[in-house]
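Worksheet: one structure, shown below.
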Amino acid sequence: MTGAGDRILGLGLLVLAVAYGWAAQQWPEPFGGAEGVGPETFPTILSVVLVAGSLYLMIKPDPDARWPVGKSALELAISVVVLVVYTLLLEPLGFVISTTLAVGTLSWRMGGTPVRAFLTGLISAVVVFVLFNYGLDLSLPGGLLEVN
């Protein structure tokens, strides 16, 4: 039964993609998708990409797939915890602070020095914030940095 793990993961991701795609259609504009193509369709595009990836895992699994053990499994668990905490802190802290912390922590765990990792997180957060807020006209949460 080689590839069973990939098929199980693919099925789980497919369920997640369908649920996310359905939920994205329930959101009010701009995320609900009033235009044919534009920033409003971003969540739907994410859902379609996740569906395609999960179907690929189910149809063509890696025959030599091995689930990580030991340190690798611990690093993956830490990454999942960081992403969950990120979602919880996004509204109260805002996009820039939350993203800086999340990207910085993940970069540091991947082997970067703490200063470089968190600088990468800050630069990434600011670039994406400016691109989304001013380039795509999608407002990201300002949180603690919100100017009233």
Side-chain angles (χ1 to χ4, degrees), residues 1-28 30-33 39-146:
M1 274 186 63
T2 60
D6 281 355
R7 287 192 173 101
I8 292 169
L9 177 63
L11 181 61
L13 290 174
L14 181 64
V15 169
L16 177 67
V18 170
Y20 177 75
W22 178 81
Q25 299 306 310
Q26 309 309 310
W27 296 338
F31 289 111
E40 290 81 5
T41 59
F42 184 70
T44 304
I45 292 170
L46 285 178
S47 178
V48 170
V49 169
L50 185 55
V51 164
S54 60
L55 288 175
Y56 181 81
L57 276 175
M58 291 168 54
I59 294 169
K60 190 171 172 141
D62 183 3
D64 297 328
R66 292 187 198 112
W67 288 89
V69 294
K71 186 178 181 209
S72 296
L74 178 64
E75 290 295 334
L76 285 172
I78 289 170
S79 298
V80 169
V81 168
V82 168
L83 293 174
V84 168
V85 170
Y86 173 71
T87 62
L88 297 173
L89 295 178
L90 191 58
E91 283 293 326
L93 294 183
F95 181 82
V96 173
I97 295 172
S98 300
T99 302
T100 299
L101 293 173
V103 172
T105 303
L106 293 174
S107 297
W108 171 57
R109 297 307 308 152
M110 286 191 274
T113 63
V115 171
R116 280 192 165 171
F118 286 96
L119 186 59
T120 299
L122 178 62
I123 292 169
S124 301
V126 170
V127 168
V128 170
F129 185 81
V130 168
L131 175 68
F132 272 55
N133 274 1
Y134 303 108
L136 297 175
D137 201 28
L138 292 172
S139 60
L140 295 173
L144 297 175
L145 302 177
E146 188 81 37

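Count residues from 1 along the sequence.
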Problem - Set of residues satisfying side-chain contact (heavy atoms from CB on, under 4.5 Å) with respect to L50, sequence neighbours excluded - result: L13, L16, A17
Fill in the blank from the handout: Residue pairs meeting side chain to side chain donor-acceptor pair (under 3.5 Å), one or both in residues 109-119, sequence neighbours left out, come to E75-R109
Exercise for the section: Could you list the residues that satisfy side-chain contact (heavy atoms from CB on, under 4.5 Å) with V15, not counting sequence neighbours? Expected result: none
Exercise for the section: Sequence neighbours left out, what passes side-chain contact (heavy atoms from CB on, under 4.5 Å) with L89? Give chain and number order. Expected result: V85, L93, S98
Completion exercise
Residues pairing under salt bridge (Lys or Arg N to Asp or Glu O under 4.0 Å) where one sits in residues 89-106, two or more places apart or in two chains, turn out to be none
Practice task
Please round to the nearest 0.5 Å and tell me the distance separating atom NZ of K71 and atom CD1 of I78.
Solution key: 9.5 Å
Exercise for the section: Enter the distance from F129:CZ to L122:CG here, rounded to the nearest 0.5 Å. Expected result: 12.5 Å
Handout entry: Point-to-point distance, once rounded to the nearest 0.5 Å, from OG1 of T87 to CG of L83
Key = 8.0 Å
Handout entry: Pairs where residues 79-90 contributes a residue and the test salt bridge (Lys or Arg N to Asp or Glu O under 4.0 Å) is met, not counting sequence neighbours
Key = none
Practice task
Identify, with sequence neighbours excluded, every residue that meets side-chain contact (heavy atoms from CB on, under 4.5 Å) alongside I123.
Solution key: L119, V127
Exercise for the section: Just grab all the salt bridge (Lys or Arg N to Asp or Glu O under 4.0 Å) pairs involving residues 8-21, residues at least two apart or on different chains. Expected result: none
Exercise for the section: Check for a donor-acceptor pair, side chain of S107 on one end and backbone N or O of G104 on the other, with a separation under 3.5 Å. Expected result: no
Handout entry: Pairwise distance OG1(T105) to CZ(F118) - rounded to 0.5 angstrom
Key = 4.0 Å
Exercise for the section: For L11 and M58, work out which heavy atoms get closest and say how close. Expected result: N-SD, 3.5 Å
Problem - With T99 via side chain to side chain donor-acceptor pair (under 3.5 Å) - residues at least two apart - result: Y86
